[in-house]
Student: 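Below is the structure I would like to discuss, written out as structure tokens.
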2 protein chains.
Amino acid sequence: MAVGRRGLGRDGRPTLEQVAARAGVGRGTVSRVINGSPRVSDRTRAAVEAAIADLGYVPHRAARALAANRTDAIALVVPEPEARLFAEPYFSAIIRGVSAELADTDYQLLLTLSRTPKERQRFAQYAAGNRVDGVLLVSVHGEDPLPELLGQLGIPAVMNGRRSADEPFPHVDCDNVAGAQLAVEHLLGRGRRTVATITGPLDMYAAWCRLAGYREALEAAGHEYDDSLVWRGDFTEESGYLGMRELLDRRPDIDAVFCASDLMAAGARRALREAGRSVPGDVALVGFDDSAIARHMDPPLTSVRQPIEGMGRAMARALLAEINDGMPIHPQQILPTELVRRGSS
Amino acid sequence: MAVGRRGLGRDGRPTLEQVAARAGVGRGTVSRVINGSPRVSDRTRAAVEAAIADLGYVPHRAARALAANRTDAIALVVPEPEARLFAEPYFSAIIRGVSAELADTDYQLLLTLSRTPKERQRFAQYAAGNRVDGVLLVSVHGEDPLPELLGQLGIPAVMNGRRSADEPFPHVDCDNVAGAQLAVEHLLGRGRRTVATITGPLDMYAAWCRLAGYREALEAAGHEYDDSLVWRGDFTEESGYLGMRELLDRRPDIDAVFCASDLMAAGARRALREAGRSVPGDVALVGFDDSAIARHMDPPLTSVRQPIEGMGRAMARALLAEINDGMPIHPQQILPTELVRRGSS
DNA sequence: ATCAAGTTTGGGAGCGCTCCCATCCACCTG
DNA sequence: CAGGTGGATGGGAGCGCTCCCAAACTTGAT
């Protein structure tokens with residue numbers, strides 16, 4: 001068969017060619033209309049749009065991707081162990097934010113849970129080979145080679161959170177320091193004098209920041225930073241429980257605790273109950289994350305809220321900018337946190 | 001330029017052609033090796049595989065999709081209002097299950113949150129136009145036209161949950177009836193005599209089933225079903241609170257409550273506390289979902305666990321079967337639920 | 001050695017689109 | 001009225017792959 005007339009697509013759906021024939025124009029013109037090129041007369045544009053509507057034409061993504069060398073897809077890479085561990089809703093909220101931001105564009109969201117470090121490695125190759133226009137990274141650890149790998153491959157990417165204070169990689173994070181400060185200032189403002197803290201694992205930058213915020217707020221209020229009031233946890237409930245017991249043991253005069261996660265606060269609450277201390281009567285409690293647990297604790301837990309969905313949106317926005325304007329100045333955004341007051345303080 | 005030698009892909013990555021040249025074979029042969037065709041000699045296969053490894057060749061997805069008329073992508077459609085509402089972790093767990101099942105294949109997971117019914121409608125067209133090999137549906141409501149639309153378009157799809165007892169659409173669900181039975185039998189087994197229930201919205205089939213299970217367990221144990229022990233809630237904490245107050249009011253002799261969701265159980269717990277009833281001393285409490293809230297209530301809540309991740313896996317498996325074996329008998333799977341005993345009962 | 005039957009292989013055609021160049025046309029200037 | 005200018009338009013080439021047919025090579029039986 002010669003190159004002659006092409007009809008409907010193989011699966012019965014109309015093709016560009018069809019639309020062109022119907023509108024009485026050439027393929028190029030239809031393509032121009034679809035892609036919003038200004039070099040089309042109004043009359044022609046209207047005719048083409050009518051034909052598109054009549055036929056119910058929808059561009060074929062794969063064909064477009066092949067011809068134009070882009071995919072209109074971005075990947076969200078989540079390390080699965082993290083997603084499982086703490087703050088599950090975090091994950092959903094990020095997705096919601098990203099998805100909301102993508103809704104108006106016609107980018108597709110590809111979800112990739114990486115189970116193992118090896119899978120993560122493979123993803124970079126995959127990303128390069130299969131053409132993802134950009135990548136969104138969540139929960140990146142210090143030793144993770146993925147960001148640098150993507151950088152080398154020239155794949156636009158944005159991460160959520162930072163690995164250190166001077167994170168060179170494009171990122172969106174929330175202000176953990178300020179959040180912790182808010183919490184401690186609040187405690188101090190309610191007349192508490194001996195404020196302890198249960199921290200996260202300090203090799204995680206976010207945990208480190210929350211401790212820094214605790215310290216700064218204390219010192220700003222004229223209190224001295226005291227090691228005996230600090231217990232190093234790991235974000236789990238169990239560590240909150242153990243930490244609280246230990247703290248109570250060494251400093252029975254504690255009248256307030258700032259926990260770097262709600263889960264640890266729940267653990268601490270349990271220890272306090274066992275020790276016969278009332279909340280907030282004897283000891284005021286503040287958490288971090290404003291998760292569902294916080295709302296359902298007894299009493300409900302005052303907590304620092306991160307704008308998770310907002311971070312998702314900001315990441316998507318930053319990534320699209322990077323994709324379209326071709327590698328601009330590295331975007332680094334720090335979003336504000338907020339204190340949600342409840343009965344525990 | 002004539003049709004002559006093609007070199008590297010436009011973006012510098014090796015193409016099929018390159019691999020063929022390197023292995024000293026034709027394009028067709030390489031394609032056959034990649035797609036696992038048996039009609040290749042061992043010697044040739046080995047040579048091709050070596051060339052692929054040398055070059056670090058990764059097939060171009062879009063090109064493959066275009067030529068083969070498939071996409072190797074499946075979409076997970078989630079109504080965003082639901083995802084937000086209750087049981088957030090549900091959503092994550094489904095994703096985890098689906099993703100786990102897809103990890104060994106090279107299907108991509110596309111995530112689509114549909115904000116409005118209109119967006120949902122548009123998705124069908126989109127699915128047809130953009131070629132998704134299959135669709136996974138979560139939280140489908142009674143009036144939702146999407147399943148039927150997909151059916152007409154001949155797009156393989158599987159839904160999570162059922163809209164009614166005789167759901168014709170391929171689906172994976174858990175055994176809500178049996179779960180509720182377990183809960184009530186457990187309560188009865190602990191010597192409780194007057195077991196009330198706070199239901200979900202009864203136009204939701206899952207809620208209806210949980211009530212049915214409650215009734216069946218009661219009757220099987222020789223108790224009569226009593227309307228005054230049933231309060232119709234809507235899965236929210238507030239409705240649990242109000243329901244418990246009302247129930248206590250009409251039947252002060254209640255000594256156990258089965259709530260059709262953990263969130264409602266949390267509300268009920270609050271009402272019980274206000275009424276001065278101890279848990280489980282005066283009133284035993286059982287929830288449904290086994291969510292984070294359950295684990296962190298005081299006392300921790302006995303609850304019915306659904307195999308959420310397992311449902312995700314089962315859905316993915318069923319969909320892949322449908323895609324590959326071309327519309328087999330409608331798969332309908334009901335996974336078992338399980339009672340998790342904690343302090344509240 | 002010869003032929004039939006089967007197996008393995010090469011490569012043309014084509015998937016639906018974008019890119020880009022050549023062409024066409026309308027309008028303006030001198 | 002010829003020549004020039006710039007915007008609108010048509011359509012060839014090609015993106016990297018799969019499909020499939022025909023060619024080439026095996027093998028075993030005659």
Side-chain angles (χ1 to χ4, degrees), chain A residues 1-21 23-48 52 55 57-72 106 128-131, chain B residues 1-21 23-48 52 55 57-72 106 128-131:
Chain A
M1 174 180 57
V3 93
R5 280 280 61 69
R6 274 122 143 239
L8 269 62
R10 179 167 35 174
D11 51 6
R13 299 198 53 89
T15 69
L16 235 208
E17 190 103 26
Q18 292 256 292
V19 176
V25 301
R27 276 191 349 271
T29 304
V30 177
S31 176
R32 254 163 257 143
V33 170
I34 290 171
N35 292 293
S37 156
R39 349 221 84 259
V40 180
S41 71
D42 291 347
R43 259 170 50 80
T44 309
R45 165 168 287 116
V48 171
I52 290 177
L55 262 29
Y57 169 77
V58 183
H60 187 131
R61 255 203 145 78
R64 179 185 266 201
L66 180 57
N69 197 30
R70 57 187 164 71
T71 63
D72 291 340
D106 50 13
N130 293 277
R131 314 292 163 36
Chain B
M1 172 181 57
V3 94
R5 284 275 62 70
R6 274 119 144 242
L8 270 61
R10 182 164 35 174
D11 51 6
R13 300 200 49 92
T15 69
L16 235 208
E17 190 102 29
Q18 292 258 293
V19 176
V25 302
R27 275 189 352 269
T29 303
V30 178
S31 176
R32 252 165 259 142
V33 170
I34 290 172
N35 293 295
S37 158
R39 348 221 84 258
V40 181
S41 70
D42 290 347
R43 258 170 50 80
T44 309
R45 165 168 286 115
V48 170
I52 289 177
L55 261 30
Y57 169 77
V58 183
H60 187 131
R61 254 204 146 78
R64 179 185 265 200
L66 180 58
N69 197 30
R70 57 185 164 73
T71 64
D72 290 341
D106 52 11
N130 292 277
R131 314 300 163 33

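Treat the numbers as computed from the prediction; the structure is a model and nothing was measured. Below, chain A is the first sequence line, B the second, and so on; all start at residue 1.
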Student: Which nucleotide wins on minimum distance to the side chain of Asn35(A), given the candidates dC17(C), dT18(C), dT18(D)?
Tutor: dT18(C)

Student: Can you identify which nucleotide, out of dT9(D), dC17(C), dT18(D), has its nearest atom closest to the Thr29(A) side chain?
Tutor: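 The listed nucleotide nearest to Thr29(A)'s side chain is dT9(D).
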
Student: Taking N and O atoms by type only, does the side chain of Arg27(A) place a donor or acceptor under 3.5 Å from a partner on the base of dG12(D)?
Tutor: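 For Arg27(A), whose side chain was compared with the base of dG12(D), there is a donor-acceptor pair (under 3.5 Å).
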
Student: Have a look at the helix from dA1(C)-dT30(D) to dG30(C)-dC1(D) and give the angle its two end axes make, five pairs each, rounded to 10 degrees.
Tutor: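 Its terminal axes enclose an angle near 50°.
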
Student: Check whether any side-chain heavy atom of Ile34(B) lies under 4.5 Å from a side-chain heavy atom of Ile52(B), and answer yes or no.
Tutor: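 Of all side-chain heavy-atom pairs linking Ile52(B) with Ile34(B), at least one is under 4.5 Å.
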
Student: Nearest nucleotide by nearest heavy atom, which residue falls closer to the 5' end of DNA chain C, Arg32(A) or Ala63(B)?
Tutor: Ala63(B)

Student: dC15(D) P sits how many Å from Arg70(A) CZ, rounded?
Tutor: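 Distance, rounded to whole Å: 17 Å.
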
Student: How far apart are the closest heavy atoms of Arg32(B) and Arg39(B), and which atoms are they?
Tutor: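 Scanning both residues completely, I find the closest heavy atoms to be CD-O, 4.0 Å.
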
Student: Of the options dC17(C), dG16(D), dT18(D), whose atoms approach the side-chain atoms of Leu66(B) most closely?
Tutor: dG16(D)

Student: Mind checking if Arg39(B) touches a base, just sugar-phosphate, or nothing, with heavy atoms under 4.0 Å?
Tutor: base

Student: For Gly28(B) and for Ala68(A), locate the closest nucleotide of DNA chain D by heavy-atom distance; then report the residue assigned to the nucleotide nearer the 5' terminus.
Tutor: Ala68(A)

Student: The side chain of His60(B) is closest to which nucleotide in this list: dC17(D), dT9(C), dT18(C)?
Tutor: dC17(D)

Student: Does OP1 or OP2 of dT9(C) have a side-chain N or O of Ser41(B) closer than 4.0 Å?
Tutor: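 So the side-chain polar atoms of Ser41(B) do come within 4.0 Å of the phosphate oxygens OP1 or OP2 of dT9(C), strictly under.
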
